[in-house]
Structures are given as C-alpha cells and as structure tokens.
Novice: 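This is the structure I have questions about; it appears just below.
As the structure is a prediction and not an experimental result, all values here were calculated from the model.
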Amino acid sequence: MNTVLLLLALTGQDTVVLKPLVVTATRVPTPADAVTAAVTVISGASLRERGIRTVGAALRETLGATVVETAGPGSQTSLFLRGGESDYVKVLLDGVPLNQPGGAYTFAHLTTDDVERIEIVRGPVSVLYGSDAVAGVVQIFTRTGPSGAAPRVEAEAGAGSYGTSRVGATVTGGTARLAYSLGFSRFGADGLFPVNNDYTNSTVTARVRVVPDARTDAAVTVRYADGVFHYPTDGAGRIVDANQVAADRGPAVAVDLGRRLSSRVEARILLGITETDSRLDDEPDAPGDTTLIFHSRDRVRRRSAEVRANWQAAPATMVTAGLALEEAHLRHADTCQFYSGGSFFDCSGAPMDRTRSTRALFMQWLGGIGRPVSVNLGGRLEDNQQFGTFATWRGGVAWRLDGATRLRAALGTGFKEPTFFEAYATGFVSGNPDLRPERTFSWEAGIEHAVPGTSVSVAVTYFDQHFRDLVVFDFTQTPNYVNIAAAQATGAEVAADWAVGTGVVASLAYTYLDTRVLDGGGDPTFERGKRLLRRPTNAATVRVTSRLGARGTATIGARFAGDRDDLDFETFSRVTLHPYTRVQGAVEYTVLQGRGGVPAITLQVQGENLLADTGREIANFPVRGRTLFFGMTLGAGSQSAR
C-alpha cells in the first residue's frame, strides 16, 4: 500500500526495523504498539499449516470470541464477540462488507483458502465502518503472489472422518509491477445425522494487484462461494424431514485504488459489491407426502463506494477523512403449504422488495505515531434512509512506558441498523419502519508486558459494554418488533506467549465474561437478570507449536468453554449447557522438497476433538466426535504460496 510508504517516510522508520503493522483498527497501516484498540492478527499460513479450513474455526481461539456451530460443517455458525449479539460484528473482505444488512452472518461457508491474514478488532468500530461494528470487526485480507516471482502452483487433496473430502488448487505469481493469485477449492462432508445431512462448499477466488508507478496502486479481489447444506432437523434438534436443504451462493468483489497526491497526502477509493442468493427448500419427501412444503428465497445485494484521504499533518500525525455511500437491496419471496383436515392450506408470507441507502462522513486523528504516547480520536455522522441521522465517536490512548511495558485505554460508541425483516415485514409478522438502531457504549483498559530476561509476554484487558435499544419480537402488539431490550457485558481478557525453546512457542488465551440482561421486553431470549444466551462465563485456549526442523510444524492445543445458558426450543425453557473441552492437533511435514522440476510433497494429519468430548454447543444438537483428516499438497514453482 502507498499508505505504508507515506507512513515510513514521514515517521523516520524503515523496512528493517518496522514493527508489525495493523490496518483494520485505524484504516491506515499503523505500528501495532501505536494502536489503542485490542487487536488480534492471525496468519493465513499458520491456519493452513494447522489444517484450519474455515474462518469460523480460526476465530475459536481468539480472545473474547465464542463461536457456536449448530450441527457440523455447513450449519449455522455464529460469532459472539465480547458478549455482543451474533450480528454485532462487521465482517469484511479486503474492506468490503460480507454481512447481511443489519449484521446477520454465518461463518459456515467462509474458507481460509486465499487468506493472507485475519485482523480482529475487539470493541466498537462504527466510527470507521458504520453499522454492525458494535462489538468488533473481522477483516479478511486475501493473498497475492510476490511481485516479480515466477508462477507457483499448489494442489491439495485429502479425506477424513464423517465422509470429509477436500480438493483445491492455487496459482500465484507476478511481475515487477503486478502480483496475482487464483484459487479453487471444494469441500464435502456427510454430517452428523443418519439422513439428509450432506454438505458441499465450492469456492473460487482471484486477486490481482498492480503498481504502475511509485505513486499509484490498484487491487481487485473476486470471491465466489457456493454452500449447500442438507438438514433433517427442526429448531429443537428433532429429525423431522428427509428433504430440507439450505443454499447460500454469490460473489463478493472489492476494488481498491490509491494515489499519492504529494509527499504528505494520499487519496484512496474503495468500491465493493456483494450479492447473496439464500434459499431454503423443503420438497415432498415422497409422492403423497403431506408434511409442510416450503420454499424461501432471499436475494441481497450491497453496493458500496468510499473515498478517503490520508493527510500527514505533522511528522507523527495522520488525519483520515472520508465519504461513504451504500445501497442495500433485499428481494424476498416464499411459498408455503401445510396439510390439515384432508386439504392443503397456503401459509406463504408476503413478498418483499426493499432498498435502503446510507451516506456517511467520518474523520480520524492519529497522533504520536512512533512516539511513546499515541492518541486517536474519531467521529462519524451517518444518514440512513430508514432511521435518519446517527452519530458515533471513539477515542483512545497508548503509552509505551519502556521497551517492555505498554498501557492503553479506549472508549467509544457503536450501532447496528435494523434488518430489512424487522423494519419492513408484512403478513404474519409486522415490521416496524420506525425502529431505532441498536447501540452500545464501551470502554476498556489494558496493559501489555514483556517479562525482562525471559521470552514471556503477557497482556491483560478489562472491558465494559452496555447495549441498549435492542430489537425484540413481541407477538402481543403491532408492529411486532420494538426497541426495548438492554444488556451489559463486562469481562477480562488475558493472553500469554512463551518461546519455550528454539522453534517451540506456547500460548494461552483466557476470557472471563459477565453478561446480564437489564431489560428483556418480554422476549424469551432476553430474561431480565439472566445471562445472555450461548456466551460462557469462562473460556480458555492453550496451544503449543513446534517447528520440525525446516520441513514442518506440529501443533497440539485445547479449547475450554464453561457452562452457559441456552434456550431449549422444544419446551421454550432456559437450560444450562455443561462445560466442554476440545483437544486438537495437527502435523504438517514436507517429505520431498521440490527441486529440478520435481514437485514438493507435503503431508498433513489433523485431529479434532481427540478426547471425544460430547459437550454440546447448542441445546439438543449433537457435536462431532473424534475426527481425523489426512491430506497431501503438491507444490511446483519458485516461491512458497503458503
């Protein structure tokens, strides 16, 4: 990015001593020790070494994150970050939002094939990203080949428990001014239930980055995913149907253009479009079948454009200002029939065809970059076609006491717009176009310390979030959706890393979370004084990774989730789920290093839930037992694409 060059030139840093840079927390590449927010960065290469196939699985080890999978691969997979709702995290692909309008997102189909890195910002970031960034942001940066490198081809194949199979291929390379990556993958699994539980996922990815001169850069990312999940259960986990299927497919496109206008000013344009075609189909299981027959289709399109400028106002000060535009469109239709008293009755809902637009202005001031004390301040004014104007703000400070200790603090606000269904539904359910956005106020404080004379580093963060104007469903009134509920989430995050020896690293991540419903508004999922659903009070992960010489890695780890509340949809009563511990391991080893036209051969062995813990993530839904996967990768070319 040209922003990197601008930052280096004007802060006196160089590529030799440059500290790690993060982008998502500030929208400009910023040294990690100058960022005031809580940020986790996950390497795509590390994920592939450990055989982690989906972004959802990668996020399970993130501080403050709880990932809940309903029933195996392809099923609804939700992320709860720092106690927020599952639609309180904005998900971005190279800057372009993947969420449905209003925040809904399932991580079931988002694979790690083309991931360069994942940045997770914990805490509200609506000041930079608008709606849905209430509890945090997850941004996936896709990879390209190194500039000036000859093409490299990698092909992989593998199989494992539960009928799991995976094939894929990538091609990366570049010239002096161009870099590219092309990829394809297909994953399949039989699922957990004896009938109607197959899953397939096909993903095609492409990214091209061009640097025509020293002042200009441009990149295009294209990703198309097609996930089809067969499921025999109802919402209570009972096997009720042998022919239900859910499908999600569609493209995401990002275009990022940058130009240095002077030694101090850079302009950037980000264009994006995402389209999702989601279907639920339940055909008759057999001739004469009189069970429910249902077809539903949602076609969602989000188009966005953003123009922003980065201005180096002083040697250690960066000012960012921008204008963002977005148009979201939903087309919904369903047909429904049920059999009763010898006849079929129509239960179809009303169709919906709605468009909603948003305009926003935002500004951010970063001071003290490269100095002991750094500060950030930002504000955003949103103008939404449905709920009108809304303002958010954020501020933070970081103080590097010495080379071993850093203090930081941050506070700010965030918001989430109502979904199309909550605002505009008609028929059996009545939406409320007068809904206000859900909102939060959050503050946090943390300390990071490297223990002198050792290779141990520790980070501790305390956070406090208050959510209000949560939208709940009330069947006793019309419209059925109202802003009533309120909740809070406070807790602490503790992370420790230890370089045990040469090539051996141990890490620990622990999260304590205290959630409480302050006002339930009559919704059974929000019971006053109780914990928020599916969010454990205690959660921890531990992992040890060892290099196997220059040829491979071995990893062993465990993930613990304490007891948590859930809703049993068979009785509509609150239940407490037992704690569980999942143990996983992976080994990757290159048995043949490619030379003289002979491809490199790398073998993988991966195991999940090695102790076969049966603790459930959701009431009444089973979990996968011990799972093994064996894979092989063939690579040919001059540079590593992993």
Novice: Can you tell me how far CD of E527 sits from CZ of R574, rounded to the nearest 0.5 angstrom?
Specialist: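 It comes to 5.0 Å.
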
Novice: Any ion pair linking K530 and D565 (charged N to carboxylate O, less than 4.0 Å)?
Specialist: no

Novice: Determine, stepwise, if the pair E85 / L533 fulfils side-chain contact (heavy atoms from CB on, under 4.5 Å).
Specialist: CA-CA 9 Å; E85 294 291 281; L533 298 180; over 6 Å; no

Novice: Does any part of the side chain of L98, heavy atoms only, come nearer than 4.5 Å to the side chain of L92, both counted from C-beta?
Specialist: no

Novice: Listed by chain and number, what are the ring-ring contact (aromatic ring centres under 6.0 Å, His included) partners of Y105, not counting sequence neighbours?
Specialist: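 Here the qualifying residues are F107.
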
Novice: Do T576 and D563 have a side chain donor and acceptor closer than 3.5 Å?
Specialist: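 No.
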
Novice: Just by distance, no angles: are the side chains of T24 and E119 close enough, under 3.5 Å, to form a donor-acceptor pair?
Specialist: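 Judged by distance alone, the side chains do pair up.
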
Novice: Under the salt bridge (Lys or Arg N to Asp or Glu O under 4.0 Å) rule, collect the residues that match up with R279, sequence neighbours excluded.
Specialist: none

Novice: Hydrogens and angles aside, do T490 and D464 bring a side-chain donor and acceptor to less than 3.5 Å of each other?
Specialist: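 Short answer, no.
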
Novice: As a quick check of understanding, evaluate side-chain contact (heavy atoms from CB on, under 4.5 Å) for R439 and F390, giving each step before the final call.
Specialist: CA-CA 10 Å; R439 63 187 72 187; F390 191 87; 3.5 Å; yes

Novice: Side chains of V68 and T77: closer than 4.5 Å at any heavy-atom pair?
Specialist: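 Side chain of V68 against side chain of T77, heavy atoms only: no contact under 4.5 Å found.
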
Novice: For the residue pair S430 and N480, confirm or rule out a side-chain donor-acceptor distance under 3.5 Å.
Specialist: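 Distance-only check fails for S430 and N480.
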
Novice: Show the nearest heavy-atom pair for residues W393 and G395, with the distance to one decimal.
Specialist: CE3-N, 4.4 Å

Novice: Nearest 0.5 Å, what's the CZ-OG1 distance between R616 and T70?
Specialist: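 Reported to 0.5 Å precision, the distance equals 13.0 Å.
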
Novice: Does R534 make a cation-pi contact with F80, if we ask for NZ or CZ under 6.0 Å from the ring centre and within 45° of the axis?
Specialist: no

Novice: Below 4.5 Å, heavy atoms only, C-beta onward: do V23 and V28 meet side chain to side chain?
Specialist: no

Novice: Within this structure, what is the CG-CZ distance for the pair D523 and F473, rounded to the nearest 0.5 Å?
Specialist: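 So the gap between those two atoms works out to 9.0 Å.
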
Novice: Is any side-chain N of the basic residue among E617 and R564 closer than 4.0 Å to the acidic one's carboxylate O?
Specialist: no

Novice: Given side-chain contact (heavy atoms from CB on, under 4.5 Å), test I239 with F193 step by step and report yes or no.
Specialist: CA-CA 8 Å; I239 297 179; F193 298 101; 3.9 Å; yes

Novice: Take R301 and T274 through the side-chain contact (heavy atoms from CB on, under 4.5 Å) test and state the conclusion after the steps.
Specialist: CA-CA 6 Å; R301 182 187 67 235; T274 56; over 6 Å; no

Novice: Do the side chain of T66 and the main chain of R535 share a donor and acceptor less than 3.5 angstrom apart?
Specialist: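 Not confirmed, T66 side chain does not pair with R535 backbone.
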
Novice: Testing the 3.5 Å rule here: is there a donor-acceptor pair between the side chains of N196 and H230?
Specialist: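 Indeed, the side chains of N196 and H230 share at least one donor-acceptor pair under 3.5 Å.
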
Novice: Suppose we screen for ring-ring contact (aromatic ring centres under 6.0 Å, His included). Which residues come up paired with F467, at least two apart in sequence or across chains?
Specialist: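 Listed in chain order: Y88.
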
Novice: Checking the side chain of R531 only, and the main-chain atoms of D514 only, is there a donor and an acceptor separated by less than 3.5 Å?
Specialist: no

Novice: Are E327 and T355 close enough that some pair of their side-chain heavy atoms sits under 4.5 Å apart?
Specialist: yes

Novice: Apply the test side chain to side chain donor-acceptor pair (under 3.5 Å) to residues T358 and N384: give CA-CA distance (whole Å), side-chain angles for both, the deciding distance (0.1 Å), then the verdict.
Specialist: CA-CA 4 Å; T358 300; N384 183 279; 3.1 Å; yes

Novice: The criterion is salt bridge (Lys or Arg N to Asp or Glu O under 4.0 Å); which residues satisfy it with D474, sequence neighbours excluded?
Specialist: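 Salt bridge (Lys or Arg N to Asp or Glu O under 4.0 Å) check on D474 returns nothing, list empty.
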
Novice: When you compare the side chains of N201 and T203, does any donor N or O come within less than 3.5 Å of an acceptor on the partner?
Specialist: yes

Novice: Would you tell me whether N243 and E283 have side-chain atoms, one donor and one acceptor, within less than 3.5 Å of each other?
Specialist: no

Novice: Report the residues that fulfil salt bridge (Lys or Arg N to Asp or Glu O under 4.0 Å) with D94, sequence neighbours left out, ordered by chain and then residue number.
Specialist: R207

Novice: When you measure from the side chain of K90 to the backbone of V137, do you find a donor-acceptor pair of N or O atoms at a distance under 3.5 Å?
Specialist: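 A pair under 3.5 Å: no.
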
Novice: Would you please say whether a donor-acceptor pair under 3.5 Å links the side chains of N376 and Q364?
Specialist: no

Novice: Verify, without hydrogens or angle tests, whether T440 (side chain) and H466 (backbone) share a donor-acceptor contact under 3.5 angstrom.
Specialist: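 The answer is yes, because a donor-acceptor pair under 3.5 Å joins these two groups.
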
Novice: Is there side-chain contact between N197 and P232, with heavy atoms separated by less than 4.5 Å?
Specialist: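 In short, these two side chains touch, coming nearer than 4.5 Å.
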
Novice: Would you say that N99 contacts D87 through its side chain, given a criterion of any heavy-atom pair below 4.5 Å between the two side chains?
Specialist: no

Novice: Using 4.0 Å as the upper bound for N to carboxylate O, is an ion pair formed by E326 and R303?
Specialist: no

Novice: Looking at F420, is R354 sitting on its ring face, NZ or CZ under 6.0 Å from the six-membered ring centre and within 45 degrees of the normal?
Specialist: no

Novice: Measuring centre to centre across the rings, with the benzene-like ring taken for any Trp, is F569 within less than 6.0 Å of F572?
Specialist: yes

Novice: So how far is it from F187 CZ to R53 CZ, rounded to the nearest 0.5 Å?
Specialist: 4.0 Å

Novice: Does atom CZ of R516 have more than 12 heavy-atom neighbours, drawn from other residues, nucleotides or ligands, at distances under 6.0 Å?
Specialist: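 Count over threshold, so yes.
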
Novice: Any non-hydrogen side-chain atom of T413 less than 4.5 Å from a side-chain atom of P124?
Specialist: no

Novice: Tell me, please, whether F141 has R117 positioned over its six-membered ring: NZ or CZ under 6.0 Å from the ring centre and within 45 degrees of its axis?
Specialist: yes

Novice: Do R297 and D277 sit within salt-bridge range, that is, some charged N less than 4.0 Å from a carboxylate O?
Specialist: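 Counted as a salt bridge, because a side-chain N and a carboxylate O are separated by less than 4.0 Å.
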
Novice: Classify the side-chain pair E444/S442 by whether it contains a donor and acceptor separated by less than 3.5 Å.
Specialist: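 Distance-only check fails for E444 and S442.
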
Novice: Is there side-chain contact between T106 and S78, with at least one heavy-atom pair below 4.5 Å?
Specialist: no

Novice: State, without any angle test, whether R238 and T233 hold a side-chain donor-acceptor pair at a distance under 3.5 Å.
Specialist: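 Note: R238 and T233 side chains miss the donor-acceptor criterion.
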
Novice: Consider only side-chain N and O atoms of Q385 and S357, and report whether a donor and an acceptor are under 3.5 Å apart.
Specialist: yes

Novice: Determine whether the side chains of Y199 and H109 contain a donor N or O and an acceptor N or O closer than 3.5 Å.
Specialist: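 Note: Y199 and H109 side chains meet the donor-acceptor criterion.
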
Novice: Starting from the C-alpha separation in whole Å, work towards a yes-or-no answer on salt bridge (Lys or Arg N to Asp or Glu O under 4.0 Å) for R359 and E382.
Specialist: CA-CA 6 Å; R359 297 172 294 178; E382 199 97 359; over 6 Å; no

Novice: Give, for atom NE2 of H329 and atom CZ of R299, the distance between the pair rounded to the nearest 0.5 Å.
Specialist: 9.5 Å

Novice: Mind jotting down which residue pairs meet the side-chain hydrogen bond (donor to acceptor under 3.5 Å, both in side chains) criterion with at least one end in residues 126-137? Sequence neighbours excluded, please.
Specialist: none

Novice: Okay, side chain of R528, backbone of L518: is any donor-acceptor separation there less than 3.5 Å?
Specialist: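 Such a contact is found between R528 side chain and L518 backbone.
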
Novice: Walk me through it: do T320 and N310 pass the test side chain to side chain donor-acceptor pair (under 3.5 Å)?
Specialist: CA-CA 5 Å; T320 298; N310 300 314; 2.9 Å; yes

Novice: Tell me whether E417 is salt-bridged to R356, with the criterion being a basic N under 4.0 Å from an acidic carboxylate O.
Specialist: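 Looking at R356 together with E417, the answer is yes, because their closest N to O distance falls below 4.0 Å.
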
Novice: How long is the gap from CG on L110 to OG1 on T112, to the nearest 0.5 Å?
Specialist: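 Spacing of CG (L110) from OG1 (T112) equals 8.5 Å.
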
Novice: Heavy atoms only: give me the nearest L435-Q386 pair and the separation to one decimal.
Specialist: O-NE2, 3.2 Å

